[in-house]
Trainee: 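Pasting a structure below so you can have a look.
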Amino acid sequence: MSTEQTRDQVVRYEPLARTPLPDVIAEQLLAEIDSGTLRPGDRLPSEPELARQLQVGRSSLREAIRKLHTLGVLDVVRGRGTFVRHRTEPEPTPQFVHWSATQGPAIAEVLEVRIGLELAASGLACVRATQADIDAVAARCREHEAARRKGDLDVLVHTDEQVHESLIRAARNDLLLQMYLALVPQMREFRAHTLALGHADERFDPHHRAMLAGLVKRDPAMVREAVVQHVGALYGEVKAAGTVETGRQAAGQMLDYATILANFT
């Protein structure tokens, strides 16, 4: 056997890694912040202008900005623009980033099951929920928002659990409830990390309210959309944070949320 034939049998080529464009954009913006080109308080150019400067699509740019907002790097102020965040207090972000990098793929499995259960409950609840069930969901939403104002993370986690459990209970399916309750302990640490991040009320409470509004109207599509947006936001934050910590190694094991969702529709 010739040397060339031997080399042909031994050499193996791995596919070249393809970095998602939003990650490339986020890394470039982070580099500019780290170098001092962008300083705390600086406003980024408008979305069309920044997309033009970077020569990227606006959807990819929006995804990159969303990731950096999640990680506490940027502040997005409606009507004013996007700013480099001032860091005057210790942030929970480093802990969340490390946790996401190590636990992301495992929590992704839990969220995949959770989305299936909550989507099923959404439809059933719109058919079966009594007025008392709807009142219970409304009460749990109020309790959660009250807990946020008090700033007790343990109570915040508990009341968030209660909001979602009340939706499951409104479906009036005991087996579905048992399956969901089995997931709750596995989600507790995850909830603590996500609820400790800044602007959690802006990111998650509107989903709770939309879920309740859909239930009041007995509109299963509206409730399901609120659930999809809520779990999607959680999933996206873990995937984005894990990307920063590991250079996409662990996060790469997590499917895109749209791929997961396609299996439930």
Side-chain angles (χ1 to χ4, degrees), residues 62-63 65-67 69-72 75-78 92 96 100 107-108 110-126 129 133-149 153 155-171 176 180 183-184 186-241 254 256-258 260-262 264-265:
R62 281 194 293 270
E63 176 66 13
I65 289 175
R66 187 193 66 78
K67 290 182 178 183
H69 173 70
T70 295
L71 297 172
D75 275 329
V76 180
V77 182
R78 185 174 300 176
F96 179 66
S100 295
I107 201 63
V110 175
L111 290 176
E112 287 171 6
V113 176
R114 175 181 173 180
I115 189 66
L117 295 178
E118 291 203 33
L119 286 176
S122 297
L124 293 173
C126 287
D133 292 327
I134 296 174
D135 291 343
V137 176
R140 302 296 85 77
C141 287
R142 290 194 299 271
E143 290 166 2
H144 181 61
E145 294 187 23
R148 191 181 303 286
R149 291 190 292 272
L153 184 58
V155 176
L156 196 60
V157 168
H158 176 70
T159 53
D160 186 62
E161 291 174 348
Q162 293 295 300
V163 169
H164 292 275
E165 183 180 325
S166 66
L167 173 66
I168 301 293
R169 289 185 179 278
L176 185 64
Y180 183 80
L183 291 180
V184 172
Q186 300 179 58
M187 291 188 288
R188 193 156 291 141
E189 184 180 10
F190 169 62
R191 277 189 160 109
H193 281 289
T194 56
L195 290 170
L197 292 176
H199 307 289
D201 56 336
E202 298 173 12
R203 292 178 290 119
F204 301 136
D205 290 358
H207 301 150
H208 290 168
R209 298 186 201 113
M211 185 179 72
L212 172 60
L215 188 56
V216 169
K217 294 179 180 180
R218 297 189 182 273
D219 183 340
M222 187 173 177
V223 182
R224 282 196 293 266
E225 178 62 21
V227 168
V228 165
Q229 294 296 324
H230 188 67
V231 179
L234 299 170
Y235 189 93
E237 290 185 351
V238 173
K239 188 173 175 65
M254 298 173 64
D256 289 333
Y257 186 61
I260 296 171
L261 192 60
F264 293 101
T265 57

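All residue numbers refer to positions in the sequence shown, counting from 1. Quick caveat, the model's predicted, so the values are computed rather than measured.
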Trainee: If you compare all heavy atoms of Leu167 against all heavy atoms of Val137, which two are closest, and at what distance to 0.1 Å?
Mentor: N-CG2, 4.1 Å

Trainee: Return yes if a side-chain donor-acceptor contact under 3.5 Å exists between His144 and Arg148, otherwise no.
Mentor: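 Result is yes, a qualifying pair exists.
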
Trainee: On a heavy-atom basis, which atom in Leu215 and which in Ala129 lie closest, and how many Å separate them?
Mentor: CD1-CB, 4.3 Å

Trainee: Between atom CD1 of Ile107 and atom CE of Met187, what is the distance when rounded to the nearest 0.5 Å?
Mentor: 7.5 Å

Trainee: Look up atom CZ in Phe190 and atom CG in Leu183, then write down how far apart they are to the nearest 0.5 Å.
Mentor: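 One finds 12.0 Å between CZ of Phe190 and CG of Leu183.
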
Trainee: For residues Gly214 and Met222, report the shortest heavy-atom separation together with the two atoms involved.
Mentor: CA-SD, 3.5 Å

Trainee: Can you measure from OG1 (Thr194) to CZ (Phe204) and round to the nearest 0.5 angstrom?
Mentor: 5.0 Å

Trainee: Would Met211 and His230 count as a side chain to side chain contact (heavy atoms under 4.5 Å, CB included) if you check the C-alpha gap in whole Å, the side-chain angles of each, and the deciding distance to 0.1 Å?
Mentor: CA-CA 9 Å; Met211 185 179 72; His230 188 67; over 6 Å; no

Trainee: Assess the residue pair His158 and Glu143 against the criterion (side chain to side chain contact (heavy atoms under 4.5 Å, CB included)); give the C-alpha distance rounded to whole Å, side-chain angles, the decisive distance to 0.1 Å, and a yes or no.
Mentor: CA-CA 10 Å; His158 176 70; Glu143 290 166 2; over 6 Å; no

Trainee: Shortest non-hydrogen contact from Cys126 to Val223?
Mentor: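 The pair with the smallest heavy-atom distance is SG-CG2, 3.8 Å.
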
Trainee: Any idea which heavy atoms bring Ala121 and Ile168 closest together, and the distance?
Mentor: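 Minimum heavy-atom separation between Ala121 and Ile168: CB-CD1, 3.6 Å.
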
Trainee: Inspect the contact between Arg188 and Glu161 and indicate whether a charged nitrogen and a carboxylate oxygen are less than 4.0 angstrom apart.
Mentor: yes

Trainee: What distance separates Leu124 CG from Leu119 CG, expressed to the nearest 0.5 Å?
Mentor: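 Interatomic distance, Leu124 CG to Leu119 CG, rounded to 0.5 Å: 11.0 Å.
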
Trainee: Do Ile134 and Arg218 touch side chain to side chain, with heavy atoms closer than 4.5 Å?
Mentor: yes

Trainee: Using the six-membered ring wherever Trp is involved, compare the ring planes of His208 and His164 and label them parallel, tilted or perpendicular (cut-offs 30° and 60°).
Mentor: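 The arrangement is perpendicular - the two ring planes meet at more than 60°.
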
Trainee: What's the separation between atom CZ in Arg209 and atom NE2 in His207, rounded to the nearest 0.5 Å?
Mentor: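 Between atom CZ of Arg209 and atom NE2 of His207 there are 10.5 Å.
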
Trainee: Does a side-chain heavy-atom distance below 4.5 Å link Tyr235 with Ile115?
Mentor: no

Trainee: Do the side chains of Thr159 and Arg140 get nearer than 4.5 Å, heavy atoms only?
Mentor: no

Trainee: What's the separation between atom OG in Ser166 and atom CG in Asp135, rounded to the nearest 0.5 Å?
Mentor: 11.0 Å

